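Okay, structure first, notes after.
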Number of protein chains: 2
Amino acid sequence: MEQHRLDAFQVIADPSRRQMLYLLSKDSLTINSLADNFDMSRPAVSKHIKVLYNAGFISIQDIGRERHCILKQEGFNELHKWLEYFDAFWGSKLKNLEALLNERTNKK
Amino acid sequence: MEQHRLDAFQVIADPSRRQMLYLLSKDSLTINSLADNFDMSRPAVSKHIKVLYNAGFISIQDIGRERHCILKQEGFNELHKWLEYFDAFWGSKLKNLEALLNERTNKK
DNA sequence: AATTTGCGTAACTCAGAAGTTACATATACA
DNA sequence: TGTATATGTAACTTCTGAGTTACGCAAATT
């Protein structure tokens, strides 16, 4: 089948997928009950779910013919690390001083 | 000209742009000095810079014919807020309990 | 057993992001 | 003044993510 192996950053780039994660933060939902919240076909939602699953943003529990989607922390880790790097950058007074010095001296 | 008005999530979905932000966290750079770090044409880099600028990830200081790109916090804010929401979700023991309860009861 | 329900997948279309080359412009330098 | 440098932009091509419809299958229902 198609690739559908997007990294965490690409996964959250889609507004629909962010909305799905939000909805799942309120309650775990099946594919169909998720699809009720969107203006797209169920297969489209199904694909998004696959993307979210493959990237570790959700786990899926099969109950009979239903697939219950549950939010999963794993997918968020990479994003968290990435943002933390820049948080550290902003947070550090040393960095700020460094930047200031660069601004003043780095104009060859 | 073209739109190039991507939101913060779309902005960081591109690996090249993330790399640019990383490089700019080390030092402020001109368009050309940035382009030296990539296997793409300078106009391509120029476009990415425009995207980063429009989304508030960098500020630009014109010095003569050079454009110095400087990391800017603003663009990160939306991402930060977004992640914080889910951090709160994971962090809250109450939420975890709630999720546990949902798992046990929500199987109509 | 037949039908309905919940879902996945294949095949396709479409839009737009990301790259290219070619060109224009403004500043610095000789 | 003429040339090199640093950059932006227009026009174009290419690729792929995101949507669709049509279909298949297994579990539930009757």
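Predicted, not measured: the structure shown is a model, and the values here were computed from it. All values below were derived from every heavy atom in this structure, side-chain atoms included, with hydrogens, water molecules and symmetry-related copies excluded. In what follows, chains are A, B, ... by sequence order, proteins preceding strands, each numbered from 1.
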**OP:** Enumerate the residues from residues 12-22 of chain A whose closest heavy atom to DNA chain C is under 4.0 Å, giving them by residue number; use none for an empty result.
**Re:** none
**OP:** Identify, with sequence neighbours excluded, every residue that meets ring-ring contact (aromatic ring centres under 6.0 Å, His included) alongside A:Phe38.
**Re:** none
**OP:** Kindly write out the residues that satisfy side chain to side chain donor-acceptor pair (under 3.5 Å) with A:Asp87, not counting sequence neighbours, or none if the list is empty.
**Re:** B:His80
**OP:** May I ask you to test the A:Arg17-A:Leu52 pair for a side-chain heavy-atom distance under 4.5 Å?
**Re:** yes
**OP:** Check every atom of D:dG8, D:dG19, D:dT7 against the side chain of B:Ser46 and return the nucleotide holding the closest atom.
**Re:** D:dG8
Subject >> Distance, rounded to the nearest Å, where B:Asn54 contributes CG and D:dG8 contributes P >> reply: 12 Å
**OP:** Can you tell me which residue pairs pass the salt bridge (charged side-chain N to carboxylate O under 4.0 Å, His left out) test with a partner in residues 52-64 of chain B, sequence neighbours excluded?
**Re:** B:Asp62-B:Arg67
**OP:** On the 0 to 90° scale, with breaks at 30° and 60°, tag the A:Phe76-B:Phe86 ring pair as parallel, tilted or perpendicular.
**Re:** tilted
Original post:
What is the distance from CG of B:Asp7 to P of C:dA17, rounded to the nearest Å?
Top reply: 10 Å
What does the list of N/O pairs under 3.5 Å between the protein and nucleotides 20-22 of chain D look like, with a distance for each?
| residue | atom | partner | partner atom | Å |
| --- | --- | --- | --- | --- |
| D:dT20 | OP1 | A:Ser41 | N | 3.3 |
| D:dT20 | OP2 | A:Ser41 | N | 2.7 |
| D:dT20 | OP2 | A:Ser41 | OG | 2.5 |
| D:dT20 | O4 | A:Lys47 | NZ | 3.2 |

**OP:** Compute whether any side-chain donor of one residue and acceptor of the other, for B:Tyr85 and A:Ser25, lie under 3.5 angstrom apart.
**Re:** yes
**OP:** Taking side chain to side chain donor-acceptor pair (under 3.5 Å) as the test, write out the residues that go with B:Ser33, two or more places apart.
**Re:** B:Thr30
Original post:
In whole angstroms, how far is the C1' atom of D:dA26 from the CZ atom of A:Arg67?
Top reply: 13 Å
Original post:
Counting N and O atoms only, with roles assigned by atom type, does the side chain of B:Asp14 sit under 3.5 Å from a partner on the main chain of B:Val11, one being a donor and the other an acceptor?
Top reply: no
Subject >> Atom-to-atom span, CZ of B:Phe38 to P of C:dG19 - whole angstrom >> reply: 10 Å
Original post:
A:Leu21 and A:Leu71: side-chain contact (heavy atoms from CB on, under 4.5 Å), yes or no, with the steps?
Top reply: CA-CA 7 Å; A:Leu21 291 176; A:Leu71 211 57; 3.6 Å; yes
Original post:
Under 4.0 Å between a side-chain N or O of A:His48 and OP1 or OP2 of D:dG17?
Top reply: no
Original post:
For D:dT5, does either OP1 or OP2 sit under 4.0 Å from a side-chain N or O belonging to B:Asn32?
Top reply: no
**OP:** Kindly state each residue pair satisfying salt bridge (charged side-chain N to carboxylate O under 4.0 Å, His left out) with at least one member in residues 69-78 of chain A, sequence neighbours excluded.
**Re:** A:Lys72-A:Glu74
Under 3.5 Å between N/O atoms: give me all the protein pairs with nucleotides 25-30 of chain C, atom names plus distance.
| residue | atom | partner | partner atom | Å |
| --- | --- | --- | --- | --- |
| C:dT27 | O2 | B:Arg65 | NH1 | 2.9 |
| C:dA28 | O4' | B:Arg65 | NH1 | 3.4 |

Original post:
Over how many whole Å does the gap from A:Asp62 atom CG to D:dA27 atom C1' extend?
Top reply: 11 Å
Subject >> B:Ile70 and B:Leu24, any side-chain heavy atoms less than 4.5 Å apart >> reply: no
Subject >> Partners meeting side chain to side chain contact (heavy atoms under 4.5 Å, CB included) with A:Arg18 (sequence neighbours left out) >> reply: A:Ile12, A:Pro15, B:Asp7, B:Phe9, B:Trp82
Subject >> side-chain N/O A:Lys50 vs C:dC7 OP1/OP2, d < 4.0 Å >> reply: no
Subject >> Length of the line joining B:Tyr53:OH and D:dG8:P, which is rounded to integer Å >> reply: 11 Å
**OP:** Specify the separation, in whole Å, of atom NE2 of A:His68 and atom C1' of C:dC7.
**Re:** 12 Å
Original post:
Taking atom C1' of D:dG8 as reference, at what distance in whole Å does atom CG of B:Leu34 sit?
Top reply: 16 Å
